[in-house]
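Report on one structure; see the data block that follows.
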Amino acid sequence: MTTTSDVLIMGGGVIGLAIAVELKLRGASVTVLCRDFHAAASHAAAGMLAPQAEAIPPSPMRDLCLRSRALYPEWTRKLEEISGLATGYWPCGILAPVYEIRGQDASNIHSSRDCPAEWLDRDAINWHQPGLGTEVVGGWWYPEDAQVDNRALARALWTAAESLGVDVRDGIKVEGIQQQQGQVVGIQTSVGIVHAEHYVLAAGAWSHELLPLPVRPKKGQMLSVRVPEGSYSELPLQRVLFAPDIYMVPRRDSPSETLRDRRIVIGATSEEVGFTPYNTPAGIQTLLERAIKLYPQLQNYPIHELWWGFRPATPDELPILGSGPSKNLTLATGHYRNGILLAPLTAVLIADLIWEQKSDPLVNHFNYSRFYQGRGQETPSPLAPHLSPLTSPSSPLIIQPSPKMQTLNPPLETLDRPLNIAGRTFQSRLMTGTGKYRNMEEMQQSITQSGCEIVTVAVRRVQTKAPGHEGLAEALDWTKLWMLPNTAGCQTAEEAIRVARLGREMAKLLGQEDNNFVKLEVIPDPKYLLPDPIGTLEAAEKLVQEGFAVLPYINADPMLAKRLEEVGCVTVMPLASPIGSGQGLKTTANIQIIIENAGVPVVVDAGIGSPSEAAQAMELGADALLINTAIAQATNPAAMARAMKLATEAGRLAYLAGRIPIKAYASASSPLSGTIT
Ligand code: FAD
Ligand code: GLY
C-alpha cells in the first residue's frame, strides 16, 4: 500500500471520521485507516450529548462540550444530507432523577443562560416522567442536553466520508510510526508502509499502542431492551433518564417514526480491566438491578442486546487534542466518556490546526504535554528516537535506528512504561514461583531479591499441603505481592477450570478480593510437560467468560497465541524450552513471531536457565519473564534471583535502546573522516 495523501488518519471511530469529513470538505485529500470499525467505542456508546447530566464543572472542558453540543443540529443535518442516512439526533433533553436531596439540589445553581436547568420535586418529576421508581425524590431537567444514535452516526460518517472521496479502509492495522528528524515519514501498516504529508492519531483506547500516551481503556458494559409491541401508542420514555448510577436512552427512528425502533439503551459499567472483552453476569446484573429500581416497568421488557466497549480514558479524564511530538503529527484521542458529544468540535479544531494553521485558544488546555511537565523536560517527547520499541509491547514493527533518525533521546525514566496486565500495572517484569525451593527461607529471600511483584502459586499443591506449600499465606507479604494462582497438575480443561475457581478463592482469602488472575496450565503429558493446546483454548474461553484474567501457558505456537488473544486472554506465556529443563531459548523464532503479532503482553515462561538467556528473551521484545526452577534450584537461589532481576532489566533496556544492526564486515570504532593524513 503506497497511498499518499495530504492527511492520514489512524483510527476510524467517530473522532477520526469526523476529522476526515471536515478536512475533505475543506479541500484536503484524506486517508483513514481503521483496524476494526465495529470494535470502536463509538459503536458501544449510549450517544448522550450530556455536558450537564455528566456534571462537567465550569472549566475549559465544559466550554468544549457546550460548544460541541451547540454544533450538533447543523452538523448532523449536513451529514445526513451528504450520506443520505439518518443519525438519530434527538434534542430530547435529559432528566436526572436523584434518590437523595443534597445541599445544592433544589436551588437553581445548576442553571445559567447557556446551561438551563430546572429542579423538579417528587411530584413534578413524576408528572414529567410517569413510571419512575418510588425511591426517586426529585431531579434535574436539562432541556438542552440531547442524544444521537451513535451507531447510526458512525455509519453516516463513514458513508459521508466515502461519498466525499475520502479513502476509508477498514481491516488495516497501523503497526508503527516512523519518524526522522522530528517528522513522521511514514506509518507501517499490516499492508505495508503508507505516507502522507500530515498524520492524525485518533485510535481511541488503543492510542498508547502507537505512542506512549497515557490513554487506557475503561470498559463499559451495556444492554438494550425493547418496548413490547402493541402496548403503547407512544414511547413510554420520551427523554433520556440519567440517574446517579444508571442511565437509559430511548431510541426512535425519526421524529415521525417514534415507535419503530423501540430500543432503550441501558448503561453502563465503568471497569479498570484493560481490554478484557465480553459481558459478565455481575456487570449485567448490576445494570438490570439499577435500571429496574429507576424505572420498574422495564423488568418485563424483552432483552434485545448486550455489548461492551472501551472508553479512551486519560489520567485527568480530559481529551488529548492538538499538536503532537512530531511537527506533522496531530493528536485527537482520550475523549473518555464524551467522545460522541465532542466529535463535531474536535473535527473543526483539528481541521483548523492542520489545514489553516489556526489554533483555537481552547485547544491549548488539552495538549498532551500536560502529562510530561515537571519532569525536567522543556519540550516533552513521549516518542523514542526510533519509535517502534516504545510502542505497544505488541507492536511488531522493529525499526532499527538509522543514522538519519532523530537523535533527541528522552530521559531513561520516561523510556519505559510499567507492565500492564488486564489494567493492573507492575514495575517489575520478572515473575517468579514458590515451588522447588529447598526451604522456606530460601524462597522468601529469593522472592525479595528478585524484586518481583507477581508470584505464581500452584493451587493444587497448596490444597494438598505439598512440601514447601504449607504456611505460604504467612510466609510472603501478600499486600506487596500479587498472587498468580496456577493450575499446575491439571491434565484436562475441566480440571483446570475447577482449580482456577479454587485459585480465585485462595487469592480472596489472602485479602486480594479483586484478584481474578489465573495462570492456565493444562498438561496431560508427564514426561515432557508440554501443554495441551486444545484443552488450553477450551479452558481459556470458559474462564474468560467467567470473568477471569487468563494468562495461558503454551507451547511457542503463534497461531494458538493469536486464538487465545482473540478469546480474551490477557497475556500469552510461550515456553522457551520444557519446564524446569534449563535448556534456555529453544523456540526463539516462534517467540519472535508471537511478539510481533500479539496485542497482549508476551511473557516468556519455562526453560530459562541463566541470566544471559533471560536478557536474550527480553531483548527479543518479550514483555516479561516467568522464572522459577533456575532460581529455586541454583546453588545460591537468592543471588541467582538478583542476577535474574538485573538481566531482565538489562534485556528490557537494551530492547528499548535498539541494538545496532549486525554487519558482515568490520566497522572501525573511530571514524576516519576528519583525521589528518
Ligand atoms: P473509537 O471509537 O474507539 O475508535 C477508535 C478506532 O481506532 C477503532 O475503530 C479502532 O479499531 C481503531 N484503531 C485502534 N488502533 C488502531 C490501529 N493500530 N490501527 C488502525 N486502527 C486502529 N460518549 C458520549 O459522548 N456520550 C455517551 O453517551 C457515551 N457513552 C459511552 C458508553 C460506553 C459504554 C462507552 C464505552 C463509551 C461511551 N462514550 C460516550 C465515549 C465515546 O464512545 C468515546 O469517547 C468515543 O467513541 C471515542 O471515539 P474515538 O474515535 O476516539 O475512538
Ligand atoms: N457517557 C456515558 C458513558 O461513558 O458511559
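Hydrogens, waters and symmetry mates are skipped; everything else that's a heavy atom, side chains included, is used. Index from 1, following the sequence. Ligands are counted one by one from 1 in listed order, and the atoms in each one are counted from 1 as well.
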| query | Nearest 0.5 Å, what's the CZ-NE2 distance between Arg155 and His43? | reply | 8.0 Å

Specify the protein heavy atom at minimum distance from [atom]: its residue, its atom name, and the distance to 0.1 Å.
atom                    : result
atom 8 (C) of ligand 1  : Ala40 CB, 3.7 Å
atom 1 (P) of ligand 1  : Ala41 N, 3.5 Å
atom 12 (C) of ligand 1 : Gly11 CA, 3.9 Å
atom 2 (O) of ligand 1  : Ser42 OG, 2.5 Å
atom 13 (N) of ligand 1 : Ala203 CB, 4.1 Å
atom 4 (O) of ligand 2  : Arg311 NE, 2.7 Å
atom 2 (C) of ligand 2  : Glu54 OE2, 3.3 Å
atom 38 (C) of ligand 1 : Ala45 CB, 3.4 Å

| Does the cation-pi check pass for Lys219 over Tyr278, that is, NZ or CZ under 6.0 Å from the six-membered ring centre and within 45° of its axis? | no

Lys/Arg-Asp/Glu bridge criterion (N-O < 4.0 Å) met for [X], [Y]:
X      : Y      : value
Arg77  : Glu80  : no
Asp245 : Arg290 : yes
Arg263 : Glu305 : no

| request: Could you list which atoms of ligand 1 come closer than 4.0 Å to a heavy atom of Met222? | output: 34 (C)

| field | Element-labelled atoms of ligand 1 that are located less than 4.0 Å from some non-hydrogen atom of Ile15 | value | 49 (O), 50 (P), 51 (O), 52 (O)

| Hey, does Leu341 come in under 3.5 Å of ligand 1, counting only N/O atoms on both sides? | yes

| message | Quick check: do Leu153 and Tyr89 have side-chain heavy atoms less than 4.5 Å from each other? | response | no

| query | So do the side chains of Leu17 and Phe37 get within less than 4.5 Å of each other, counting heavy atoms only? | reply | yes

| Do any heavy atoms of Tyr336 fall under 4.0 Å from ligand 2? | no

| field | Within-shell test, Gly267 vs ligand 1, heavy atom, strictly < 4.0 Å | value | no

| field | Ring geometry between Trp75 and Tyr72 (parallel below 30°, tilted from 30 to 60°, perpendicular above 60°) | value | perpendicular

| message | So that I know where these two stand, are Phe275 and Trp206 an aromatic pair - ring centroids less than 6.0 Å apart? | response | yes

